[in-house]
There are 2 protein chains.
Amino acid sequence: MARPTEHEVLAAVLQIRCGSLQVLAWQRALPPDSGRWSLPGGLLGDDEDVEQSVRRQLAEKVDLGEVTHVEQLGVFSRPDRVPDVRRVATAFLGLVPSDADPAVPPDTQWHPLAALPPTAFDHAAIVADAHDRLRAKLSYTNLGFALAPREFTISALRDLYVAALGHPVSATNLQRVLTRRQVLEPTGAVAPPGPAGGRPAALFRFTDHVLRVTDAFAVLRPPTGPPSGPGEATRVVVP
Amino acid sequence: MARPTEHEVLAAVLQIRCGSLQVLAWQRALPPDSGRWSLPGGLLGDDEDVEQSVRRQLAEKVDLGEVTHVEQLGVFSRPDRVPDVRRVATAFLGLVPSDADPAVPPDTQWHPLAALPPTAFDHAAIVADAHDRLRAKLSYTNLGFALAPREFTISALRDLYVAALGHPVSATNLQRVLTRRQVLEPTGAVAPPGPAGGRPAALFRFTDHVLRVTDAFAVLRPPTGPPSGPGEATRVVVP
DNA sequence: CCAAAAGTGTTGGATGTACACCCATGA
DNA sequence: TCATGGGTGTACATCCAACACTTTTGG
């Protein structure tokens with residue numbers, strides 16, 4: 001009767017490299033789907049939950065210290081998503097700062113999302129979900145911290161947002177929005193100008209390195225009476 | 001070595017009944033956790049994905065026609081979440097309109113979230129996640145359609161939002177926000193006043209009965225140039 | 001005519017985009 | 001001093017919460 005059900009975890013690890021958003025994948029040597037590119041992951045172990053598992057599996061491909069953010073995307077469970085066996089996957093989004101260059105195994109490479117080679121199983125859908133989630137959260141959380149170096153100029157940060165969002169972003173307004181929300185703070189230092197000259201750029205850092213919702217409810221917020229209780233509700237849709 | 005992994009689906013089905021947000025649960029007759037209250041659900045079948053499965057399982061407890069919205073919350077996978085066996089759960093949020101009164105099996109009851117009896121396993125955490133998701137999406141989507149009757153007055157809708165959000169909501173502003181976003185439209189009809197008199201209330205309906213994000217990116221939106229391409233990006237965090 | 005409930009008008013604040021303008025540096 | 005990149009100031013639009021005021025009913 002019931003086929004045994006396996007459970008795997010898969011991570012779309014994203015990083016902005018050379019100005020483009022890229023995803024980490026390894027090339028399958030054996031069937032099924034040999035030759036196609038596969039997201040890092042593996043079977044859920046007996047003594048771990050999916051979050052622990054994805055971190056353990058990722059550690060086999062990259063230095064976990066370089067992965068600044070991991071969050072669950074959802075379950076992929078079509079009965080035919082993997083041939084022959086019944087394998088349910090929990091998908092994750094992982095982020096690596098743009099200045100990291102983690103060592104990866106020889107079968108593993110970064111690929112621009114815009115030109116993804118043929119992927120195994122339903123991994124392309126997972127990558128698409130990861131991209132959507134990243135775009136959304138860049139807009140209403142401080143998630144940028146996970147893509148940026150510890151210190152950066154506003155134009156460098158702008159370039160990261162452009163690569164991740166896929167549309168032009170004004171450096172002027174990016175700075176204003178993020179500082180008003182206290183997502184960014186100046187370090188006090190400045191970066192030397194490039195060879196073409198120009199005013200030295202101030203350096204900034206993210207004030208916080210854990211995910212925070214910075215744009216609370218757009219509407220239907222609780223009345224602004226006396227200072228409301230601790231831990232105001234925020235638009236935390238996905239933890 | 002590896003224990004066989006089972007996969008179950010569980011649904012926190014929410015409805016506003018008698019002015020309070022309630023969740024559907026059934027009382028376990030047998031161990032483990034006998035006597036405690038459990039969310040509807042069951043094991044994933046061989047030929048279905050988790051979305052199909054949760055609908056199938058829900059159909060055993062309520063008329064599926066009454067469930068106006070179902071969405072995935074995430075995976076609960078602590079190794080010890082269920083004793084003895086390894087069982088990973090995909091949790092869902094389900095919504096039932098406030099005017100429905102679905103027949104439920106004798107062991108099944110509605111319970112106010114504010115006074116939840118002892119729950120089985122990690123089901124209380126699932127209910128909490130469902131509540132958070134509902135609160136968040138009421139604010140930036142048209143999800144109210146899934147809680148409201150087909151036609152309603154603004155004050156009735158306000159009461160639903162108050163019950164779901166847990167804080168006061170101004171009927172005046174609720175109407176303005178939702179009509180501006182074209183989430184609501186007047187039916188043209190009016191409801192008769194109550195016994196105490198008062199002006200008859202206009203009846204409204206939701207223009208759409210599928211989830212739509214109505215409050216697009218708060219910030220970092222693409223430049224408003226020429227009319228942008230089709231299907232503008234929106235803050236779809238969870239499909 | 002009064003109370004009750006519903007709906008409209010209006011104000012003020014917060015937030016964001018766009019754009020003009022000023023600043024600091026290297027050649 | 002000029003080109004270049006960086007940063008600030010300001011105008012304008014949008015959106016929303018709050019609240020005063022008007023409308024329509026039943027007693």
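Letters A, B, ... are given to chains in the order of the sequence lines, protein chains preceding strands, and every chain is numbered from 1. The shown structure was predicted, so the numbers you read here are calculated from the model rather than taken from an experiment.
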J.: Taking side chain as C-beta onward, heavy atoms only, is A:R181 less than 4.5 Å from A:V177?
T.: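 Heavy-atom side-chain distance check passes, below 4.5 Å.
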J.: Need to verify one output field. Residue with the more 5' nearest nucleotide on DNA chain C, B:A196 or A:A196?
T.: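 So the residue in question is B:A196.
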J.: In whole angstrom, give the distance that lies between atom CG of A:L178 and atom P of D:dT8.
T.: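 The distance from CG of A:L178 to P of D:dT8 comes to 14 Å, rounded to the nearest Å.
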J.: Can you measure from OG1 (A:T172) to CZ (A:R158) and round to the nearest 0.5 angstrom?
T.: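 Spacing of OG1 (A:T172) from CZ (A:R158) equals 8.5 Å.
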J.: In whole angstrom, give the distance that lies between atom CG of A:L203 and atom C1' of D:dG7.
T.: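 Rounded to whole Å, this separation is 14 Å.
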J.: What is the separation between atom CG on A:D215 and atom C1' on D:dC15, rounded to the nearest whole Å?
T.: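 In whole Å, D:dC15 C1' and A:D215 CG are 12 Å from each other.
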J.: Among residues 142-160 of chain B, which residues get a heavy atom nearer than 4.0 Å to DNA chain D?
T.: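 Result for residues 142-160 of chain B: none.
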J.: What does the list of N/O pairs under 3.5 Å between the protein and nucleotides 10-12 of chain D look like, with a distance for each?
T.:
| residue | atom | partner | partner atom | Å |
| --- | --- | --- | --- | --- |
| D:dT10 | O4 | A:R176 | NH2 | 3.4 |

J.: Does B:R78 CZ have over 12 foreign heavy atoms under 6.0 Å away?
T.: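 Not more than 12 within 6.0 Å, no.
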J.: Within a 6.0 Å radius of atom CD on A:Q182, are there more than 12 heavy atoms belonging to other residues, nucleotides or ligands?
T.: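 No, the 6.0 Å shell around CD holds no more than 12 heavy atoms from other groups.
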J.: Is there a side-chain contact between A:V70 and A:L93 (heavy atoms, below 4.5 Å)?
T.: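 No, every pair of side-chain atoms sits at 4.5 Å or beyond.
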J.: How close do B:F145 and B:H69 get, heavy atom to heavy atom, and via which atoms?
T.: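 Reported closest heavy-atom pair: CZ-ND1, 4.4 Å.
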J.: Within the structure shown, what part of the strands sits under 4.0 Å from A:P192 by heavy-atom distance: base, sugar-phosphate, or nothing?
T.: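 No contact at all - A:P192 keeps every heavy atom at 4.0 Å or more from the nucleic acid.
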J.: As a test of reading the structure: which of C:dT25, D:dA17, C:dG16 is closest to the side chain of A:V177, going by heavy atoms?
T.: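 It is C:dG16.
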J.: Given 3.5 Å as the limit, does a donor-acceptor pair link the side chain of B:D208 with the main chain of B:V183, or not?
T.: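 No, because the side chain of B:D208 does not come within donor-acceptor range (under 3.5 Å) of the backbone of B:V183.
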J.: Let me know the distance between CD of B:Q175 and P of D:dA18, rounded to the nearest Å.
T.: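 Those two atoms, CD and P, are 17 Å apart.
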J.: Would you say that A:T119 contacts A:I126 through its side chain, given a criterion of any heavy-atom pair below 4.5 Å between the two side chains?
T.: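 Side-chain contact under 4.5 Å: no.
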J.: Nearest to the side chain of A:A201, heavy atoms from C-beta on, is which of D:dG6, C:dT15, C:dT25?
T.: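 Among the listed nucleotides, the one closest to the side chain of A:A201 is D:dG6.
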J.: Report the C-alpha separation of B:F204 and B:L178 in whole Å, then their side-chain angles, then the decisive distance to 0.1 Å, and conclude whether the side chain to side chain contact (heavy atoms under 4.5 Å, CB included) test is met.
T.: CA-CA 11 Å; B:F204 288 78; B:L178 295 186; over 6 Å; no
J.: Is the distance from OP1 or OP2 of D:dC16 to the nearest side-chain N or O of B:R180 less than 4.0 Å?
T.: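 So the side-chain polar atoms of B:R180 do come within 4.0 Å of the phosphate oxygens OP1 or OP2 of D:dC16, strictly under.
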J.: Polar-atom pairs under 3.5 Å, protein N or O versus N or O of nucleotides 20-23 of chain D: list them with distances, or write none.
T.:
| residue | atom | partner | partner atom | Å |
| --- | --- | --- | --- | --- |
| D:dT23 | O2 | B:R199 | NH1 | 3.2 |

J.: If every non-hydrogen atom of A:H111 is compared with every non-hydrogen atom of A:A25, which pair is closest and at what distance?
T.: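 In this case the closest contact between A:H111 and A:A25 is CD2-CB, 4.1 Å.
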J.: Determine whether a donor-acceptor pair (N or O, by modelled atom type, separation under 3.5 Å) exists between the side chain of B:S20 and the backbone of B:P112.
T.: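 Checked: no pair found.
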J.: Scan B:A171 against the nucleic acid and name what it touches under 4.0 Å (heavy atoms): base, sugar-phosphate only, or nothing.
T.: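 It contacts nothing in the nucleic acid.
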J.: Counting only side-chain heavy atoms from C-beta out, which of C:dA18, D:dA18, D:dC16 sits nearest to A:N173?
T.: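 It is C:dA18.
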